[in-house]
Amino acid sequence: MLIPHDTRIALDTVVDLVNTAPESEPPREETGDGPADGLDDVAALYAFAQRHHISGVGTLGEKDLAAVRDVRARFAEVFAAPDPRSAADLVNRLVAAAGTTPQLTDHDGYDWHVHYFAPDASIADHLAADCGMALAFIIVAGEQERLRRCEAPDCGHAFVDLSRNRSRRYCSSRTCGNRLHVAAYRARRKEASA
């Protein structure tokens, strides 16, 4: 599946955004606390914007934080959608609410690419438009099943399965996948020695 560079960046952004939600994290064993919100304050929202090189971010406030959290919840619904029609309906509502204004741009050293948001859009509308269009690309390609949640029982992170045969089961083969494979191996060895 050939994905344009800017679409891939937007997919990485939407996955990271969805994974900032507390419900995508297991409870912290060391403290017994519930999962933390990765966007717990405006400073965290600024950090998210910087990490993902979101252009045109001006002064952010509590209103922006609340709006981005709302967009995040709606993106999580797209990952949980049972079928392409449901996913498309969710994406259509997100993109329409953002007031998309597609335009070609070549800023900050990037080649020509499309921004789907208005030049003065809020960060929430920016994310809804660009990330919503990236998810639309996946749905249009008939690949909605690539929008997944990690199958590790103590995880729940969202990811886009870009493997050739759509066989990826874990958000990370290094952490979740490896941990479960090691646990299964140990269980088999324990059973064999018993």
Side-chain angles (χ1 to χ4, degrees), residues 1-40 44 47-48 51-52 68-95 127-128 130-194:
M1 178 171 166
L2 183 62
I3 300 175
H5 178 71
D6 55 321
T7 301
R8 178 60 194 260
I9 289 171
L11 288 172
D12 291 344
T13 302
V14 73
V15 164
D16 193 28
L17 179 62
V18 169
N19 289 338
T20 64
E23 57 271 10
S24 71
E25 292 288 331
R28 289 181 253 157
E29 290 179 26
E30 65 276 2
T31 63
D33 292 340
D37 189 327
L39 294 178
D40 60 346
F48 180 87
R51 189 169 57 251
H52 290 284
V68 169
R69 285 177 177 164
D70 181 57
V71 166
R72 174 181 71 183
R74 292 189 281 155
F75 279 137
E77 291 176 17
V78 174
F79 276 82
D83 55 66
R85 182 163 305 283
S86 301
D89 187 44
L90 291 163
V91 168
N92 283 340
R93 282 188 269 146
L94 263 166
V95 170
L127 290 168
D130 268 4
C131 295
M133 291 305 297
L135 293 173
F137 176 86
I138 296 293
I139 295 165
V140 166
E143 303 286 354
Q144 185 251 343
E145 73 276 2
R146 289 183 182 272
L147 305 177
R148 298 194 173 158
R149 291 287 189 160
C150 184
E151 291 182 19
D154 59 345
C155 191
H157 278 152
F159 67 94
V160 179
D161 178 5
L162 297 177
S163 66
R164 227 177 254 227
N165 60 358
R166 298 177 194 89
S167 62
R168 189 169 156 201
R169 298 174 48 208
Y170 307 109
C171 62
S172 170
S173 59
R174 289 187 200 152
T175 54
C176 290
N178 190 44
R179 188 169 25 85
L180 289 175
H181 290 299
V182 168
Y185 171 76
R186 287 180 179 156
R188 285 190 307 271
R189 287 199 32 137
K190 185 177 181 181
E191 187 178 297
S193 67

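Not measured: the values here are computed from a predicted model.
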>> Could you check whether any side-chain heavy atom of L127 comes within less than 4.5 Å of a side-chain heavy atom of H52, counting everything from C-beta outward?
In response: no
Exercise for the section: Give a yes or no on whether R164 atom CZ has more than 12 heavy-atom contacts from other residues, nucleotides or ligands under 6.0 Å away. Expected result: no
Smallest heavy-atom separation, V18 atom then A158 atom, equals CG1-CB, 3.7 Å
* V15 side chain reached by F79 side chain, heavy atoms, under 4.5 Å -> yes
Here the pair of heavy atoms bringing R148 nearest to S167 is NH1-C, 4.1 Å
d(N19 CG, R149 CZ) to nearest 0.5 Å is 6.5 Å
query: Would a 4.5 Å heavy-atom cut-off, applied to side chains only, mark M133 and V95 as touching?
result: yes
Interatomic distance, CD1@I9 vs CG@D130, rounded to 0.5 Å, equals 10.0 Å
- Query: Do R85 and D89 come within less than 4.5 Å of each other through their side chains, counting heavy atoms only?
  - Reply: no
Next item on the list: Taking the side chain as every heavy atom from C-beta outward, state whether V68 and L17 have any atom pair closer than 4.5 Å.
Entry: yes
Nearest heavy-atom contact between R146 and S163 is NH1-O, 2.8 Å
Interatomic distance, SG@C176 vs CD@E151, rounded to 0.5 Å, equals 11.0 Å
(Q) For R166, I'd like to know if atom CZ has over 12 heavy atoms of other residues, nucleotides or ligands within 6.0 Å. (A) yes
Original post:
Any side-chain heavy atom of E143 within less than 4.5 Å of one from I3?
Top reply: no
In terms of heavy-atom contacts, A128 and F75 come closest through CA-CZ, 3.9 Å
State whether the side chain of R168 and the backbone N or O of C171 hold a donor-acceptor pair below 3.5 Å, judged by distance alone. yes
Heavy-atom closest pair (A81 atom, L90 atom, distance to 0.1 Å) is CB-CD1, 4.2 Å
Review point. If we only count heavy atoms from C-beta on, is the I138 to T7 side-chain gap below 4.5 Å?
Key: no
Looking at side-chain heavy atoms only, is the closest gap between L135 and L11 below 4.5 Å? yes
Heavy-atom closest pair (V91 atom, A136 atom, distance to 0.1 Å) is CG1-CB, 4.0 Å
